[in-house]
Each structure stands twice: as structure tokens, then as C-alpha cells.
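These notes are about the structure you will find just below.
One is the number of the first residue; the rest follow in order along the sequence. Because the structure is predicted, anything quoted here is derived from the model rather than measured. One-based numbering, in listed order, for ligands and for the atoms of each.
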Amino acid sequence: MQLLDGKLISSQIKAEIKTEVDYWTSKGGKKPHLAAILVGNDGASETYVASKIRSCEEIGFTSTLLRFDSDVTEAELLGAVEQLNNDPDVDGFIVQLPLPKHITENTIMEAVHPAKDVDGFHPINVGRMCKGLPAYLSATPFGIIEMLKRADIETAGKHCVVIGRSQIVGLPMSILMQRNTYPGNCTVTICHSKTQNLKEICKSADILIVALGRPEFVTAEYVKEGAVVIDVGISRVPDASKKSGFAIKGDVNFQNVAPKASFITPVPGGVGLMTICGLLTNTLMAARKEIYK
Ligand code: NAP
């Protein structure tokens with residue numbers, strides 16, 4: 001078994017981006033600028049946003065955080081999105097999900113200008129991705145694709161099973177894995193809560209990508225000998241032995257599955273760090289106006 005080390009790969013990608021930013025700014029260019037909107041005080045969201053901002057600092061991006069209380073109205077939030085859309089200094093921005101129930105996430109995502117949609121959630125970016133046109137790819141699937149590429153994992157002709165069909169992970173992941181390129185050219189099966197014979201389907205996967213949000217759901221019985229296992233899940237599970245009172249768990253039972261896998265991502269230290277790299281890469285592309293002029 002080989003560990004797909006998100007810490008190592010993400011630190012290499014960040015160093016590469018930093019080199020580019022240093023070169024660019026040394027020639028008088030503006031630092032790429034990523035902004036984030038954070039609503040409420042959800043512990044996990046706070047952690048994700050803090051880590052995105054810390055990464056910006058590490059690689060020489062400017063970052064801005066706009067915070068709102070959880071009772072912010074949809075109109076107020078749309079106003080903030082509009083402000084960032086029109087701010088010429090901001091290259092790209094994200095609205096950290098999930099949003100409070102009284103706000104329709106799709107309405108907010110569709111209000112973000114596609115040229116600044118560095119999370120890759122806007123229907124125009126999703127549509128362009130589906131058509132194989134240049135687009136900001138959804139940050140988590142983008143990070144996974146980059147991880148497969150850097151680990152030189154063979155994908156052509158393989159059976160890839162994706163558990164989960166969410167707009168931000170499972171669905172774009174399945175589309176990227178079937179594209180006629182590398183990594184891609186897989187035969188893809190997408191599974192969800194109504195899938196029958198989930199275990200059997202997973203057991204036929206050469207590449208198993210797990211994004212359902214249920215801690216340690218996937219055990220060795222779901223995994224074929226030699227499969228590549230990518231664990232997207234991040235859940236906080238109560239753990240009195242930890243200072244924080246919780247442990248971070250993936251959707252895969254690592255101890256149980258690792259001996260069967262050819263490659264496997266740990267949690268933490270796997271896909272989460274690659275997601276940030278996807279976001280930073282999209283922001284660099286936005287600053288260079290690579291996709292939208
Ligand atoms: P989500 O929107 O809740 O979607 C979960 C998907 O899993 C749904 O499609 C659901 O099916 C399916 N599902 C749920 N229970 C299932 C079951 N028993 N069998 C088969 N399918 C089942 O979740 P998400 O946003 O994609 O996130 C998934 C996990 O990834 C979470 O732990 C989240 O925290 C984590 N995540 C991590 C990163 C990262 O950077 N590492 C980024 C994003 C998310 P239905 O569609 O039928 O309901």
C-alpha cells in the first residue's frame with residue numbers, strides 16, 4: 001500500500017504557485033487576491049476558511065474575509081457578492097458552504113460572476129467543464145485529479161466508482177473521471193443513497209472515490225484487492241481523548257481498508273489539503289485571466 005500524501009503533494013503545489021507569484025510580483029504584477037464570505041460560526045467552516053487564508057499568506061496571495069452573522073438576509077448576502085463581483089482588486093472569491101437554511105445556496109452560487117467563481121460552482125463553469133471547455137473546476141475534484149496525476153496513477157479503461165452525487169464533489173468528480181484525457185478515460189459508476197448492491201458495485205472498482213459524509217462507512221468488504229481508494233469525507237466525531245473534544249474521520253475505515261488498497265488517502269492529511277490547492281490554482285488562473293478575458 002502506498003499513501004497518497006496530501007501534505008506532501010499540496011506543499012509541492014503551494015511552493016510552485018509561490019515561485020510563480022514571486023516572479024510575477026517581482027516584475028511589478030499585482031498579487032492574486034482571494035476573498036471569502038463566511039456566514040455564522042460553524043466550527044468546521046471556521047477551520048476551513050482559516051486554513052484557506054493561511055495558505056494565501058504562505059504563497060503570497062492577498063486575502064480578504066467578509067464575515068456575516070447567521071441571521072444575515074439573502075439580500076444582504078447578494079449585496080456582498082455583488083460588491084466582490086465589482087471589486088477590480090479581487091480576482092476570485094468563495095462563499096463558504098453550508099449556508100443557513102433561510103438562504104438558497106443555488107441563488108448565491110449563481111450570483112457569483114463566473115470569472116470570479118474560483119470554487120467552480122457556477123452553472124457556467126460546471127457546463128463548460130461538462131463540455132470539456134476551459135473552466136474553473138470544482139476545487140475538491142480538481143485537487144483529487146491533481147493528486148492522481150502527481151502520483152502517476154493509471155486511469156484509462158479503469159472502473160471508477162464514486163459514492164455521492166453532490167454538486168460540489170460527487171457529480172463533478174464523476175464527470176472529470178470519464179473525460180477523454182489523463183486523468184480520466186474511466187468507466188464511471190456513480191452511487192447514492194438509493195443505490196442497490198452498493199457493496200458489490202464498490203468491490204468492482206479499480207478506483208473508489210468516497211464522498212458520502214458518513215464516518216468510516218467503507219470497510220474492507222467494499223474494496224477490491226489493489227484498488228485506489230480516495231477518501232473525501234471529513235466528519236467531526238466526539239472523542240473525549242482529544243483536547244478539542246472531537247476527532248476528524250473520513251468516510252473510509254483506514255486501518256481496515258489500507259492493507260487491501262494499492263493507494264489510499266489518509267484523513268486528515270489527504271484530499272482536504274488538495275482542495276485548498278485546487279482553490280489556489282483557480283485563483284492564480286483568475287488573476288492571469290486565463291479563462292475569462
Ligand atoms: P452531501 O452533499 O451530503 O452528499 C452526500 C452524498 O452521499 C449524496 O449524494 C447522498 O445520496 C450520498 N449518500 C449518503 N448516504 C449514502 C449511503 N448510505 N449510501 C450511498 N450513498 C449515500 O455531501 P458532500 O458535500 O458531497 O460531502 C461528502 C463528504 O465529503 C462530507 O464528509 C464532507 O464533509 C466532505 N467534504 C470534504 C471536502 C474536502 O475538501 N476533503 C470537500 C467537500 C466535502 P443522495 O444524493 O441520494 O442523498
Side-chain angles (χ1 to χ4, degrees), residues 4-7 9-10 13-14 36 42-55 94-99 101 104-106 109 118-121 126 136-148 160-177 188-205 208-219 221-223 229-237 246-254 264-282:
L4 286 169
D5 186 347
K7 225 174 182 170
I9 302 174
S10 68
I13 295 173
K14 284 202 243 175
D42 174 67
S45 294
E46 295 264 3
T47 309
Y48 299 148
V49 169
S51 137
K52 288 167 188 173
I53 286 181
R54 211 170 35 246
S55 296
I94 60 161
V95 183
Q96 185 64 44
L97 303 179
L99 293 171
K101 294 266 178 291
T104 309
E105 288 184 350
N106 274 332
M109 286 189 226
V118 287
D119 249 341
F121 294 163
V126 177
Y136 298 125
L137 303 180
S138 183
T140 301
F142 186 14
I144 294 170
I145 287 288
E146 196 55 35
M147 194 175 224
L148 295 172
C160 175
V161 173
V162 181
I163 314 184
R165 57 177 163 188
S166 71
Q167 284 186 42
I168 64 170
V169 185
L171 183 66
M173 193 72 241
S174 67
I175 290 163
L176 292 173
M177 291 305 282
V188 178
T189 303
I190 184 155
C191 302
H192 45 75
S193 66
K194 310 292 184 298
T195 297
Q196 292 183 357
N197 306 326
L198 182 67
K199 211 177 272 182
E200 286 70 24
I201 294 169
C202 292
K203 222 171 167 176
S204 72
L208 180 61
I209 304 180
V210 189
L212 75 162
R214 294 187 176 222
E216 302 192 318
F217 180 93
V218 167
T219 55
E221 301 162 289
Y222 286 74
V223 178
V229 180
I230 307 290
D231 188 354
V232 184
I234 302 182
S235 299
R236 290 181 168 202
V237 176
F246 62 83
I248 302 290
K249 295 279 179 201
D251 286 347
V252 174
N253 184 324
F254 185 90
I264 187 167
T265 58
V267 177
V271 171
L273 298 168
M274 296 304 298
T275 295
I276 297 183
C277 285
L279 176 65
L280 299 174
T281 306
N282 280 341

Do the two ring centres, one from F142 and one from Y136, sit under 6.0 Å apart?
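They do not qualify: ring centres at least 6.0 Å apart.
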
Other residues, nucleotides, ligands: >12 heavy atoms within 6.0 Å of E105 CD
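Yes, because the 6.0 Å sphere around CD of E105 holds more than 12 heavy atoms from other groups.
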
Count the heavy atoms of every other residue, nucleotide or ligand shown that sit under 6.0 Å from CD of Q196, and state whether that count exceeds 12.
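No - once you tally the heavy atoms of other residues, nucleotides and ligands closer than 6.0 Å, there are 12 at most.
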
Kindly tell me which protein residues have any non-hydrogen atom under 4.0 angstrom away from an atom of ligand 1, grouped by chain and ordered by number?
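Ligand 1 is contacted, at a heavy-atom distance under 4.0 Å, by T140, I163, G164, R165, S166, I168, V169, H192, S193, L198, A211, L212, G213, R214, F217, V232, G233, I234, V271, G272, T275.
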
4.5 Å side-chain heavy-atom contact, D231 and F254
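Answer no - side chains too far apart.
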
Any L137 side-chain heavy atom under 4.5 Å of I145 side chain:
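L137 vs I145: side chains apart.
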
One pair to check against side-chain hydrogen bond (donor to acceptor under 3.5 Å, both in side chains): T47 and R236. What are the steps and the verdict?
CA-CA 12 Å; T47 309; R236 290 181 168 202; 3.0 Å; yes

